[in-house]
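Notes for the one structure printed next.
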Amino acid sequence: MARGKRWNVADVLEKKQLLIAVNCIAALSIFFFGYDQGMMGGVNNAEDYIKLMGFGYIDPVTKDPVVTDSLLQGGIVSVYYLGTLFGCLLGGWVGDKVGRIKTIALGAAWAILGASLQCSAQNANWMICARALNGIGTGILNAIVPVWATETAEHTSRGKFVAIEFTLNIFGVVVAYWLEFGLSYVDGGRSAIRWRFPIAFQIIPLLFLLGAVWYFPESPRWLVKVGRDDEARYILERLRGKTGDDEGKAEAEFQDIKAVAELEKKTANRSSYYAMLFGIGSGKLHTGRRVQLVIWLQIIQEWVGIAGVTVYAPTIFRIAGFDSNKSQWISGLNNIFYMFATLICVFTLDRIGRRWTLYWGAIGQGIAMFLAGGMSRLGIDARAAGNIDSANSYGAAAASFVFIFTSVFGATWLTVPWLYPAEIFPLEVRAKGNAWGVVGWSIGNGWLTLLCPVMFNAIGEKTLYIFGASNILALPMVWALYPESNQRTLEEMDLLFAADTPWVWDAEKNFALLKEQNPGLVNTARRGNSVVDPETGLRRSMRESGA
């Protein structure tokens, strides 16, 4: 079997060891993503940064930041998401053209440039441009890394591997938060190091990512797409094994990928972003429907409340009655609980599926948001009435429900909206399809980054009721519109979305019919616990067919 021109990790490792190595490199990118998200919360509280950017000052008595130009402050933060929007579209296009590995390297190099410009910024205009550039690099990585990880993993464990990566994502948030919390004590928090060092720190994982990714295997599915069949076979054999019980697995998967790739080329004659958005020329592939599903799933992910809790947790805790210093360290503790909660998803996502994960997550999150808002209001009223003991009790209850919310989110809604777009698109446009998911994330995050300060200032704790209601609205949307992708191969997704209506019940009925009519189209599903077909024993069926 063919090997690449340079030494590759796939030449040494195989099967589970190789998958773990691939996911470790993917996790570097995900760690950077989380760190970059969590970083700006502390930067916005740095005295030197506030003065240099010119949007406020530090109160000499309370030592709290006082923002005099909230539009400038919010604009510096949110322009990053404008960059991610353009970056993900660029990453999806490049990823389908030149491959996943080269695109990851491009994203890392671009993000290093953006981070370097940020940590050396001398004024607001400089910072805005640097944030936008950094966002482009992040968008490129977010568009392609989940695709690469998904295309190398087996369909029975895709969710587990992506969930592990997102534990590293929240670990990045935790590192950013506590690093900045510690730096706030250097020179009383007045030194420029409080914000310049945390920004520069993100360059370290990016340098590791840029240097290491060249020695990792390309996606076998992309290799098939561009006609490099021998390389694809070799990498699949290293990923799946070819001896003992694994004999024939790689070849069967390779043949499935080839068959579906040829079918997609005949069915889909338009692959531009515009054609994908409106489903032009996609026929029974219904790429336009899939694009809408992933965009709105990412937007909903932000509106269930995580954008507000992640960025404005100290504000929520102050509403609940805690002073500024206590609000800061409680927010940091909340992030630690958040990180450990993501490990729950590692054990549940491939067992109960994507839909049930979203169901129980939305219910738990909605209840927590309503109760956090209610307890905050009771605490505010008790404090106004002079009943400090009751106010403190209600404040502690409100904080507890915020902890519960972030824990449930980490175990459910954090991972699925990132995994689903990487699973459901045709091979021909998979990187671009995942990019549309990042577009939805950019819109949802950028929108709420600007709206949250306004909502908290205008309606206070009632903002949490809006998040709670969003969770309730998410339930019927997921039930009616989002088919289950768990335990189904990437090649089966074209059959799953072949129905002419958007409803889940029609998709499942049509999927079962197509599987019955085309038993040889997708053989890979037989290797795992398929939703439609039970395990039938690949090696035995192959011997019986003479393979």
Side-chain angles (χ1 to χ4, degrees), residues 2-6 8-11 13 18-33 84 87-111 136-155 158 161-162 165 206 208-236 238-240 253-254 257 260-261 264 271 294 418-419 421-438 490-491 493:
R3 302 189 184 195
K5 295 180 180 179
R6 65 163 62 89
N8 197 283
V9 171
D11 297 336
L13 304 178
L18 180 55
L19 282 171
I20 291 173
V22 166
N23 279 273
C24 284
I25 290 298
L28 273 177
S29 174
I30 301 296
F31 171 84
F32 154 72
F33 171 40
T84 61
C88 70
L89 296 175
L90 175 62
W93 180 78
V94 175
D96 279 332
K97 290 288 185 181
V98 305
R100 311 330 188 196
I101 298 297
K102 291 180 180 178
T103 308
I104 292 172
L106 171 65
W110 205 310
I136 291 174
T138 305
I140 293 171
L141 291 173
N142 287 353
I144 204 65
V145 169
V147 172
W148 181 55
T150 301
E151 288 183 335
T152 53
E154 287 195 88
H155 70 285
R158 285 195 307 260
F161 278 112
V162 173
E165 289 171 9
L206 288 170
F208 276 106
L209 178 63
L210 179 60
V213 73
W214 298 102
Y215 301 99
F216 278 77
E218 181 57 86
S219 161
R221 287 172 168 83
W222 181 80
L223 290 172
V224 168
K225 174 188 170 184
V226 297
R228 292 160 61 178
D229 290 357
D230 288 343
E231 289 179 63
R233 267 198 182 96
Y234 172 71
I235 291 172
L236 279 171
R238 300 301 295 176
L239 286 166
R240 309 292 182 247
E253 187 170 349
F254 173 79
I257 295 170
V260 174
E264 288 173 0
S271 60
V294 301
W418 289 99
L419 174 61
E423 290 183 311
I424 69 169
F425 280 97
L427 170 62
E428 193 72 15
V429 291
R430 186 165 295 138
K432 288 182 178 177
N434 192 60
W436 277 115
V438 184
L490 298 180
E491 287 64 52
M493 297 303 165

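Within a 6.0 Å radius of CH2 in Trp110, no more than 12 heavy atoms belonging to other residues, nucleotides or ligands are found.
Looking only at side-chain heavy atoms (C-beta outward), Trp148 and Thr103 stay at 4.5 Å or farther from each other. Residues Glu218 and Glu151 are not in side-chain contact: their nearest non-hydrogen atoms beyond the backbone lie 4.5 Å or more apart. With contacts defined as side-chain heavy-atom distances shorter than 4.5 Å, the pair Asn434/Phe425 does not qualify. Side-chain contact between Ile104 and Phe216 is absent, with no heavy atoms from C-beta onward closer than 4.5 Å. A 4.5 Å side-chain heavy-atom check between Pro220 and Thr152 finds at least one atom pair inside the cut-off. In this structure the side chain of Pro217 never reaches within 4.5 angstrom of the side chain of Leu239, judged on heavy atoms. Side-chain contact between Ile257 and Leu236: present, with at least one pair of heavy atoms (C-beta onward) separated by less than 4.5 Å. In this structure the side chain of Val9 never reaches within 4.5 angstrom of the side chain of Ile25, judged on heavy atoms.
Between Leu210 and Ala108, the shortest heavy-atom distance links the atoms CB-CB, 4.1 Å. Shown here for Glu423 and Met493, the closest heavy-atom pair between the two residues is O-CG, 3.2 Å. Contact record, Ala435 with Cys88: CB-O, 3.0 Å, taken as the closest heavy-atom pair. The two residues Ala153 and Leu19 come nearest to each other via the heavy atoms CA-CD2, 3.8 Å. Closest non-hydrogen pair, Ala149 versus Asn23, comes out as CB-OD1, 4.1 Å. When all heavy atoms of Trp214 and Ala105 are compared, the closest pair comes out as CZ2-CB, 3.3 Å.
Atoms CD1 and CZ, from Ile235 and Arg221 in turn, are 12.0 Å apart once rounded to the nearest 0.5 Å. With values rounded to the nearest 0.5 angstrom, Phe32 atom CZ is found 6.5 Å from Leu141 atom CG. Here the CD1 atom belonging to Ile136 is positioned 7.5 Å from the CG atom belonging to Leu90, to the nearest 0.5 angstrom.
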Mind running side-chain contact (heavy atoms from CB on, under 4.5 Å) on Val94 and Leu106 for me, showing each step along the way?
-> CA-CA 9 Å; Val94 175; Leu106 171 65; 4.3 Å; yes
Decide yes or no on side-chain contact (heavy atoms from CB on, under 4.5 Å) for Phe254 and Asp229, but give the supporting numbers first.
-> CA-CA 9 Å; Phe254 173 79; Asp229 290 357; 3.7 Å; yes
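Tyr215 and Asp11 share no donor-acceptor pair across their side chains, judged by distance under 3.5 Å alone.
Shown here are the side chain to side chain contact (heavy atoms under 4.5 Å, CB included) partners of Lys97, two or more places apart in sequence or in another chain: Trp93.
Considering Thr150, Ile30, Val145, Asn142 as possible partners of Trp418, the one that fulfils the side chain to side chain contact (heavy atoms under 4.5 Å, CB included) test is Asn142.
Residues Asp96 and Arg100 are paired through a salt bridge, judged by an N-O separation under 4.0 Å between the basic side chain and the carboxylate.
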